[in-house]
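Just below is one structure, and these are the notes that go with it.
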Protein chains: 2
Amino acid sequence: MDFVNHLSTNNIKPSLQRIKIFEYLYDNREHPTVDTIYSDLVSDIPTLSKTTVYNTLKLFIDNGITSTVTIEDNEVRYDAIMEEHAHFKCDACGNVYDIEIDMSDLKFKKMNAFKVEKTNIYLKGKCNKCLITKN
Amino acid sequence: MDFVNHLSTNNIKPSLQRIKIFEYLYDNREHPTVDTIYSDLVSDIPTLSKTTVYNTLKLFIDNGITSTVTIEDNEVRYDAIMEEHAHFKCDACGNVYDIEIDMSDLKFKKMNAFKVEKTNIYLKGKCNKCLITKN
DNA sequence: TATAAAATTGTAATGATTACAAAATTATGT
DNA sequence: ACATAATTTTGTAATCATTACAATTTTATA
Ligand SMILES: [Mn+2]
Ligand SMILES: [Mn+2]
Ligand SMILES: [Zn+2]
Ligand SMILES: [Zn+2]
């Protein structure tokens, strides 16, 4: 993955901060929060500001290379994978997993009344790892 | 709909505030926010406190007679309809609509790795009313 | 190199939610 | 009915994530 090129082709000037933040998002698929991103990167970029993380993620979202995962009321997570997929959060370990889904299988009724542009599917429950450990 | 009975059978003592708040939620299906609920009810119950609205909604959720709709990052909405359904938000008019969905049609891959207990489906786009008006 | 534009940063402001303790209401036992 | 305990409601203060904004730094342009 050529991050500089990816940013450039999406009209984002590839500054050091932007490259590092996108690289972090792409490599860390657990859908991190702003705080996690900041905490993990500040040792690498000592001058990094949390405002920059907010600004940069907003820029990524506006330019379509990042999306938000709001599976929980009180935390916004970020995702660099733009292919359509669903999310599962285990309420035991707190991990958020990607779920493959065939959107063509989704059959809604009365959908002729709406023009759907974006679909978010959020599942919650227990992951197998937690189910096994608990028993 | 007998609200007093509904609260009682769900282990919620039916105080005036609780009855009015649930009644409001049940009658106003547009998925209101805490602020909307408070603003609309305070004329009816002049002593009402916003803290009570928060407390009461949390109580409803804990006892399974209300759920949250977090289709947008920055606003929590509430819903007294507990039958499984999806939500659509029109980004033109801002309305949040209920969508009937047959959950049995949902086919996820690799779902053997998870025990799903709750499913939230959020759709966004334009409602027909807004599409027609714009053209 | 000088100047302008863009990006980053730190701090302050905002706004939603929660914590908490006092006041009010309701239930219980005599 | 009265006293006391338990529950509910309320108002205020604290918390926490996010945004606004202006100063500083970096990058681009002539
Ligand atoms: Mn994902
Ligand atoms: Mn609904
Ligand atoms: Zn788990
Ligand atoms: Zn609309």
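Reminder, nothing fancy here: chain letters follow the sequence lines and each chain counts from 1.
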- request: Could you go through the ring pair (Phe, Tyr, Trp, His ring centres under 6.0 Å) check for B:H87 and B:Y97 one step at a time?
  value: CA-CA 6 Å; B:H87 291 100; B:Y97 300 89; over 10 Å; no

query: Step by step, would you call A:H31 with A:N95 a side-chain hydrogen bond (donor to acceptor under 3.5 Å, both in side chains)?
result: CA-CA 9 Å; A:H31 313 90; A:N95 290 341; over 6 Å; no

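Nearest-nucleotide positions on DNA chain D place B:K13 closer to the 5' end than the other of B:P46 and B:K13.
When rounded to the nearest whole Å, the span between NZ of A:K20 and P of C:dT9 equals 14 Å. If you measure from atom NZ of B:K50 to atom C1' of D:dA13, you get 15 Å, rounded to the nearest angstrom. C:dT17 atom C1' lies 16 Å from atom CG of B:D73, rounded to whole Å. Look at CG on A:N63: it is 11 Å from P on C:dA7, rounded to the nearest Å. Rounded to whole Å, the distance from CD1 on A:I12 to C1' on C:dT8 is 16 Å. Straight-line distance from the OH atom of A:Y54 to the P atom of D:dC16: 13 Å, rounded to whole Å. Nucleotide D:dT8 holds its P atom 14 Å from the NZ atom of B:K58, rounded to whole Å. Going from atom CG of B:N55 over to atom C1' of D:dT7 covers 12 Å, rounded to whole Å.
Annotation for A:T66 and A:F60: closest pair OG1-CB, 3.3 Å, computed over non-hydrogen atoms.
No contact: B:N74 has no heavy atom under 4.0 Å from any strand. Among the protein residues, A:T52 comes within range of the nucleic acid bases, having at least one heavy atom under 4.0 Å from a base atom. Among the protein residues, A:Q17 comes within range of the sugar-phosphate backbone only, with heavy atoms under 4.0 Å from sugar or phosphate atoms but none that close to a base.
If one axis is set at each end of the helix from C:dT1-D:dA30 to C:dT30-D:dA1 from five pairs, those axes are 20° apart, to 10°.
Between A:T51 and C:dT11, a side-chain N or O to OP1/OP2 separation shorter than 4.0 Å is absent. Regarding contacts with the backbone of C:dT8, every side-chain N or O of A:S49 stays at 4.0 angstrom or more from both OP1 and OP2.
The listed nucleotides are D:dT10, D:dT8, C:dA16; the one nearest the side chain of B:T47 is D:dT10. Counting only heavy atoms from C-beta on, A:V34 has its side chain closest to D:dT18 among D:dT9, D:dT18, C:dT9.
In the model, A:T36 has no side-chain atom that pairs as donor or acceptor with a side-chain atom of A:S39 under 3.5 Å.
A salt bridge is defined here as a Lys NZ or Arg NE, NH1 or NH2 lying under 4.0 Å from an Asp or Glu carboxylate O, and B:K124 with B:E72 meets this definition. Checked for salt-bridge contact, B:E23 and B:R18 miss the test: no charged N lies under 4.0 Å from a carboxylate O.
Residue A:K126 qualifies as enclosed at atom NZ: its count of foreign heavy atoms under 6.0 Å is above 12.
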